[in-house]
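For the single chain, residues carry numbers from 1 onward in sequence order. Whatever order the structure lists them in is the order used to number ligands and atoms, beginning at 1. Hydrogens, waters and symmetry mates are skipped; everything else that's a heavy atom, side chains included, is used.
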Amino acid sequence: MKTKSLRGRDFLAETDFTREEIETVLAVAERLKMERAMGIYHDTILRSKTLFMLFYNQSLRTRNSFEAGMTQLGGHAHFLDPTKIYTPALEGKEVAYSTERVSDVARVLSRMGDAIAIRCYGDPVEWEYGGANKLLREFAKWSDIPILNMEDDIYHPFQGLADVLTVKENFGGFKGVNFTMSWAYSPSVHKPRAVPQSAILYATMLGANVTLAHPPEMALAPDIIAKCEEYATAAGGSFRITHDFAEGIKDAHVVYPKAWCPVQIYKPPVGDDDIEAAQRIFDSHKDWKCTEELMDTADKEAIYMHCLPADRAYEVSNYVIDKTEGPGWRSVVFDEAENRLHVQKAVMSLVM
Ligand code: CP
């Protein structure tokens, strides 16, 4: 188990960590979860420590799981609204007296606290794919304390950790587990790719048999796909892509359908900066909805997963998301949401 190597590290992307390090995080999360259920307190682990949380986008789960997690570990989390401070901006994107250069913000907060967590994707970086990740990496360059990625435009590494912890709890591990990450229809095209990209990276890294299902226009980033292929080979699992929703779900143990944007939404050179075209593509795939009939074709012990918030009645039927008990397949979305708390406490305990 690798623990010492994690101290002081940024948590920006799962690809920055070895499989052994990720397995350490999951083991620590399982222990913290079990001990909390037993009434054991963990409030000496990060006593008197401060986490600064900078949200360029809205959040229910991420904000509250980090904030509750810091309280449970004996520290405190500050919520920072970028519009109520001088909005941290990259060099060249600054506006006099309404922004402050990231290098200055990172160095100031480094003098006062113990980690900085940031969420940024989409509109705040004008849908420049990778622009938010660049912002987080600039923070990391200047900060003396760990930077934690609460979702950027490439990775949602804490959601992915909660996802794989949920799979491990249900199947005991990843070998032989058929993990289907699928696109599903939503009326809103404003959905970053971070959740599916992190989910397939973790699942291949840990040795699952991963299927990525999506309409042809909803391809994920080529470098992420290449990394999944590399992980699957190294871990002895598999990775494939299908454009057939029903075929992707058939016999799956894990069914994880959610919307993500097509490439047209992004600024050139990645996309066309054409939100209307992106919306038209979305609206031509309304039949990609997870229904009871589809879930009945999955493995009989299958779990339905979603990072939430879900677009009920579009991405998924109410029956599917609300069927949280067996017999047969069931929805584990609230276990998955709870696991955000435990994995984040594990990472914070290890890196801060
Ligand atoms: N899954 C997730 O990140 O939820 P929030 O957007 O509510 O934080």
Side-chain angles (χ1 to χ4, degrees), residues 11-14 25 29 51-72 77-82 115-125 127 132-133 135-136 147-167 169 179 181-184 186-203 220 254-261 290 303-312 314-316 320-322 324 331-348:
F11 207 86
L12 296 176
E14 49 276 37
V25 171
L51 172 71
F52 297 107
M53 301 186 301
L54 186 55
F55 279 95
Y56 288 81
N57 311 84
Q58 60 202 13
S59 168
L60 172 73
R61 280 141 290 270
T62 304
R63 175 178 176 180
N64 290 293
S65 51
F66 269 105
E67 198 159 331
M70 276 303 287
T71 303
Q72 291 167 22
H78 288 229
F79 174 77
L80 297 174
D81 175 347
I116 305 169
I118 305 164
R119 164 170 284 195
C120 185
Y121 57 78
D123 289 335
V125 287
W127 291 92
N133 185 263
L135 182 93
L136 267 70
I147 302 297
L148 311 180
N149 181 354
M150 298 195 293
E151 187 174 6
D152 67 21
D153 42 12
I154 303 178
Y155 307 102
H156 196 347
F158 290 102
Q159 181 63 55
L161 275 176
D163 296 341
V164 288
L165 178 59
T166 308
V167 172
E169 287 173 341
F179 183 107
M181 179 82 233
S182 175
W183 188 83
S186 157
S188 167
V189 78
H190 293 86
K191 306 260 181 172
R193 296 155 144 187
V195 168
Q197 293 191 157
S198 280
I200 60 174
L201 283 167
Y202 278 114
L220 296 178
V254 178
V255 180
Y256 195 159
K258 84 167 296 295
W260 63 80
C261 60
C290 189
I303 55 174
Y304 164 82
M305 294 179 64
H306 196 293
C307 59
L308 303 180
D311 288 318
R312 283 171 174 264
Y314 295 101
E315 292 178 298
V316 59
V320 169
I321 197 169
D322 288 329
T324 55
S331 164
V332 295
V333 295
F334 301 111
D335 300 333
E336 190 182 353
E338 180 193 331
N339 282 339
R340 292 293 305 276
L341 173 73
H342 306 298
V343 298
Q344 288 157 202
K345 283 170 68 180
V347 171
M348 291 192 290

statement: Note: F11 and P157 closest approach over all heavy atoms is CE2-CB, 3.7 Å
task: Identify the heavy atoms of D152 and A194 that sit nearest to each other, and give their distance.
output: O-CB, 3.3 Å
query: So, is R63 polar-close to ligand 1, with some N/O to N/O distance under 3.5 Å?
result: no
- prompt: Where is the tightest heavy-atom contact between M53 and F66, given as atom of each residue plus distance?
  reply: SD-CB, 3.6 Å
field: Any donor-acceptor N or O pair under 3.5 Å, side chains N339, E169
entry: yes
field: Proximal ligand 1 atoms for R340, defined as those under 4.0 Å from one of its heavy atoms
entry: 1 (N), 2 (C), 3 (O)
task: For L60, counting its heavy atoms only, list the atoms of ligand 1 lying under 4.0 Å from any of them.
output: 5 (P), 7 (O), 8 (O)
- line: So the atoms of ligand 1 within less than 4.0 Å of a heavy atom of L308 turn out to be 1 (N), 2 (C), 4 (O)
- request: Indicate whether the side chain of Y202 and that of D163 have a donor and an acceptor atom separated by less than 3.5 Å.
  value: no
Donor-acceptor side-chain pairing of D335 and T166 below 3.5 angstrom: no
message: With a 4.0 Å cut-off on heavy atoms, is M150 in contact with ligand 1?
response: no
- prompt: R119 near ligand 1, heavy-atom distance under 4.0 Å?
  reply: yes
- prompt: Considering only heavy atoms of C307, which atoms of ligand 1 have at least one such atom less than 4.0 Å away?
  reply: 1 (N)
- prompt: Is it the case that S198 and E14 place a side-chain donor and acceptor less than 3.5 Å from each other?
  reply: yes
field: Taking atom 4 (O) of ligand 1 as the reference point, the nearest protein heavy atom with its distance
entry: R61 NE, 2.9 Å
field: Nearest neighbour of atom 3 (O) of ligand 1 from the list E151, H156, Q58, on a heavy-atom basis
entry: H156
